Amino acid sequence: MADEPRVVGVFLFDAFAPLDVFGPVQMLGTLRSHFTIELRGPEADAPVSSSSGERVLADRAWDDPSHLDILLVPGGAGTRREVSNERLLGALRTSASSVELVTSVCTGAALLAAAGLLDGYRATSNKLAFEWVRSQGPRVDWVPEARWIEDRNRVTSGGVAAGIDMATHLIERLHGRALAERTATALEYRWQPDGDDDPFAALAGLV
């Protein structure tokens, strides 16, 4: 398995935030020998609309039993509805039980929390929606001042663009700092490798 690309399952839902998805997808998908991207939605081969109106075809359904190595949950306005979607939450629980890493961007952490997948873990999320996200997981150790947080095999990030930093950190965790830096440079992206460097918590009045 070490020689095979890790399969990254990105769980889509209507009104997902596009940069939450395609920032990490661009970063990880650049390394096609290391990562394979698989978009999952309510139904296979069916369109899912982002919060900006773009429509994306899902490769597989949420509850498809095929193997994943990394679970990635984006945020977006749709999370307000999906925290009550037991089918999605159940699919996340099932997938999380066998993957190597469980990750989220922005308010995607609310979905992980609602599924019980962050209980007992440190986690962060979008700063402007932080109190709502916190309400979805009272047994989560929520950290307001963090660009991204790694706690064992849970990796969560702040809002939207912070997911790109988190994805670059995943490259570093799995394949080393040099490859992470080369990938960020190739995309002309100024990576923030320090997960504690977060000016947005103060701007949102959280600290």
Side-chain angles (χ1 to χ4, degrees), residues 10-28 49-54 70-84 92 101-115 117-173 177 180-181 183-185 187-207:
V10 184
F11 280 66
L12 303 180
F13 44 84
D14 282 334
F16 70 86
L19 190 60
D20 287 14
V21 171
F22 295 109
V25 162
Q26 175 74 66
M27 189 62 70
L28 299 173
S49 296
S50 81
S51 58
S52 307
E54 303 92 351
I70 299 173
L71 174 66
L72 190 150
V73 183
T79 56
R80 304 277 177 158
R81 176 187 60 252
E82 300 299 340
V83 289
S84 300
L92 293 176
L101 292 169
V102 176
T103 74
S104 67
V105 181
C106 193
T107 55
L111 293 175
L112 293 181
L117 296 173
L118 294 179
D119 288 354
Y121 289 85
R122 298 172 72 245
T124 196
S125 186
N126 181 296
K127 304 311 179 286
L128 294 177
F130 202 81
E131 293 307 323
W132 174 75
V133 175
R134 193 202 303 263
S135 74
Q136 304 305 311
R139 291 184 292 277
V140 181
D141 183 6
W142 294 107
V143 180
E145 191 172 18
R147 183 72 171 164
W148 50 265
I149 283 182
E150 177 182 87
D151 186 349
R152 291 159 285 173
N153 75 331
R154 297 325 195 233
V155 190
T156 55
S157 82
V160 197
I164 307 175
D165 289 327
M166 182 199 70
T168 313
H169 169 71
L170 296 181
I171 297 170
E172 178 186 32
R173 170 174 170 148
R177 181 67 171 255
E181 291 178 341
T183 305
T185 298
L187 297 181
E188 295 192 11
Y189 180 71
R190 184 174 291 175
W191 174 36
Q192 174 49 268
D194 181 0
D196 294 329
D197 189 338
D198 173 28
F200 297 103
L203 292 173
L206 296 173
V207 292

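Here the structure is a predicted model, which is why all the values come from computation and not from measurement. As a basis for the values below, the full set of heavy atoms in this structure was taken, side chains included, without hydrogen atoms, waters or symmetry mates.
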Quiz item: Do the non-hydrogen side-chain atoms of Thr103 and Ile70 ever get within less than 4.5 Å of each other?
Solution: yes
Quiz item: Does Cys106 offer a backbone N or O that forms a donor-acceptor pair with the side chain of Ser125 under 3.5 Å?
Solution: yes
Quiz prompt | Check: His169 and Ser157 side chains under 4.5 Å, non-hydrogen atoms | solution = no
Self-check item: OH on Tyr121 to CG on Asp151, rounded to 0.5 Å
Solution: 7.0 Å
Self-check item: Side chain Ser52, main chain Glu54, donor-acceptor under 3.5 Å
Solution: no
Quiz item: Any ion pair linking Arg139 and Asp119 (charged N to carboxylate O, less than 4.0 Å)?
Solution: yes
Quiz item: What heavy-atom pair brings Pro24 and Leu19 nearest, and what distance separates the two atoms?
Solution: CD-O, 3.5 Å
Practice problem: State the CE-CG distance between Met27 and Leu170, to the nearest 0.5 angstrom. | Solution: 10.5 Å
Quiz item: Can you tell me how far the CG atom of Leu101 sits from the CD atom of Glu150, to the nearest 0.5 Å?
Solution: 7.5 Å
Self-check item: Heavy-atom check, side chain of Arg122 versus side chain of Thr156, under 4.5 Å
Solution: no
Quiz item: Can you name the one residue among Asn153, Leu92, Val10 that meets side-chain contact (heavy atoms from CB on, under 4.5 Å) with Leu71?
Solution: Leu92
Quiz item: Counting distance only, does the side-chain N/O of Ser51 pair as donor-acceptor with the main-chain N or O of Phe16 below 3.5 Å?
Solution: yes
Quiz item: If you count the non-hydrogen atoms of other residues, nucleotides and ligands that lie under 6.0 Å from CZ in Arg152, is the total more than 12?
Solution: yes
Quiz item: What class does the angle between the rings of Trp142 and Phe130 fall in, given that below 30° is parallel, 30 to 60° is tilted and above 60° is perpendicular?
Solution: perpendicular
Exercise. Could you tell me whether the side chain of Trp191 reaches within less than 4.5 Å of the side chain of Asp165, counting heavy atoms only?
Key: yes
Self-check item: Arg134 CZ: over 12 foreign heavy atoms closer than 6.0 Å
Solution: yes
Quiz item: Do Leu28 and Ile171 come within less than 4.5 Å of each other through their side chains, counting heavy atoms only?
Solution: yes
Quiz item: Partners of Glu145 by side-chain contact (heavy atoms from CB on, under 4.5 Å), sequence neighbours excluded?
Solution: Asp198, Ala201, Val207
Exercise. Kindly confirm or rule out a cation-pi arrangement of Arg81 over Phe13, judged by NZ or CZ under 6.0 Å from the six-membered ring centre and within 45° of its axis?
Key: no
Quiz item: So, does Ser104 use its side chain to make a donor-acceptor pair with the main chain of Val73 at under 3.5 Å?
Solution: no
Quiz item: Short question: side chain of Lys127, backbone of Ala146 - any donor-acceptor pair under 3.5 Å?
Solution: yes
